[in-house]
Amino acid sequence: MLVVGGGPVGLAAGCLLTAYGVRVTLVERNSRTSDEPKAISIDDEAIRMFKLAGLGDELDAIILPGTGTQYFDANRRPLFRAGTAQPFRHGHPFKNPFAQPELEAVLCGALRLRSDADVRFGCELVGFEQHADHVEVELREMADGATETM
């Protein structure tokens, strides 16, 4: 299975797939995970999914348990509160803050340790061709421009 993109979604997909015995090649054109804090919270369903993928203590170390978020306008008046009537519906707090660079580092580290994963940063998908029974892809290493067909 080819996963294109080494952000939180691609890394999570790779972790889940390998947890279920699927061999994964993950390619990301950037040379490393992001150091920019783009995403800031994760819900209980995502935490449940990460636990199914075999990620536990390492995520617990970077996610702060929470039950919702209050949002304010420019005058600091409350606009709304994002939350739920059942804050532990999946056995975890509903809305939990985290730093995206830390999450990506944890997911990437976990995926690199899995024998069914080939993690390639600095590699991009440059083309693909659909066949009746498979997809042929062309990958390019960013450092030297070498291409590979899979």
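Worth knowing before you read on, the calculation uses all heavy atoms, side chains too, and leaves out hydrogens, waters and symmetry mates.
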Problem set entry | Check: Val22 main-chain N/O paired with Asp116 side-chain donor or acceptor under 3.5 Å | no
Exercise. Under 3.5 Å, side chain of Asp43 to main-chain N/O of Glu45, donor-acceptor pair present?
Worked result: yes
With a 4.5 Å heavy-atom cut-off, do [X] and [Y] have their side chains touching?
X      : Y      : result
Glu138 : Leu125 : no
Val27  : Phe121 : no
Glu124 : Met142 : yes
Ile47  : Leu59  : no
Glu28  : Arg120 : no
Leu11  : Leu26  : yes
Leu139 : Thr147 : no
Ile40  : Gln100 : no

Problem set entry | Pairwise distance OG1(Thr33) to CD(Glu102) - rounded to 0.5 angstrom | 11.0 Å
Exercise. About how many Å separate CG of Asn96 and CD1 of Ile62, when rounded to the nearest 0.5 Å?
Worked result: 11.0 Å
Indicate, with yes or no, if [Y] and [X] share a hydrophobic cluster defined by side-chain heavy-atom contacts under 4.5 Å among Ile, Leu, Val, Met, Phe, Trp and Tyr.
X      : Y      : answer
Val4   : Val24  : no
Val3   : Leu52  : yes
Phe128 : Met150 : yes
Val119 : Leu113 : no
Leu79  : Phe72  : no

Where [X] and [Y] come nearest, the two heavy atoms and their spacing:
X     : Y      : value
Cys15 : Leu111 : N-CD1, 3.8 Å
Arg23 : Asp118 : NH2-CB, 3.8 Å
Pro93 : Pro65  : CG-CB, 3.7 Å

Seminar exercise, completed: In short, side-chain hydrogen bond (donor to acceptor under 3.5 Å, both in side chains) pairs touching residues 1-21 with sequence neighbours left out are Thr18-Arg114
Exercise. Given the rule in the side-chain contact (heavy atoms from CB on, under 4.5 Å) test, do Thr149 and Glu136 qualify, once you have shown the distances and angles that lead to the verdict?
Worked result: CA-CA 7 Å; Thr149 302; Glu136 187 174 293; 3.4 Å; yes
For this session: Assess whether atom CG of Leu64 is packed by more than 12 heavy atoms of other residues, nucleotides or ligands within 6.0 Å.
Result: yes
Exercise. Does a salt bridge link Asp60 with Lys51, judged by any charged N lying under 4.0 Å from a carboxylate O?
Worked result: yes
Exercise. Is the closest basic N to carboxylate O distance between Arg29 and Glu141 below 4.0 Å?
Worked result: no
For this session: Kindly indicate, with the supporting measurements, whether the criterion salt bridge (Lys or Arg N to Asp or Glu O under 4.0 Å) is fulfilled by Arg32 and Glu104.
Result: CA-CA 10 Å; Arg32 58 185 171 79; Glu104 287 186 21; over 6 Å; no
Exercise. Considering the options Val106, Leu103, Leu107, which one meets the side-chain contact (heavy atoms from CB on, under 4.5 Å) requirement together with Glu58?
Worked result: Val106
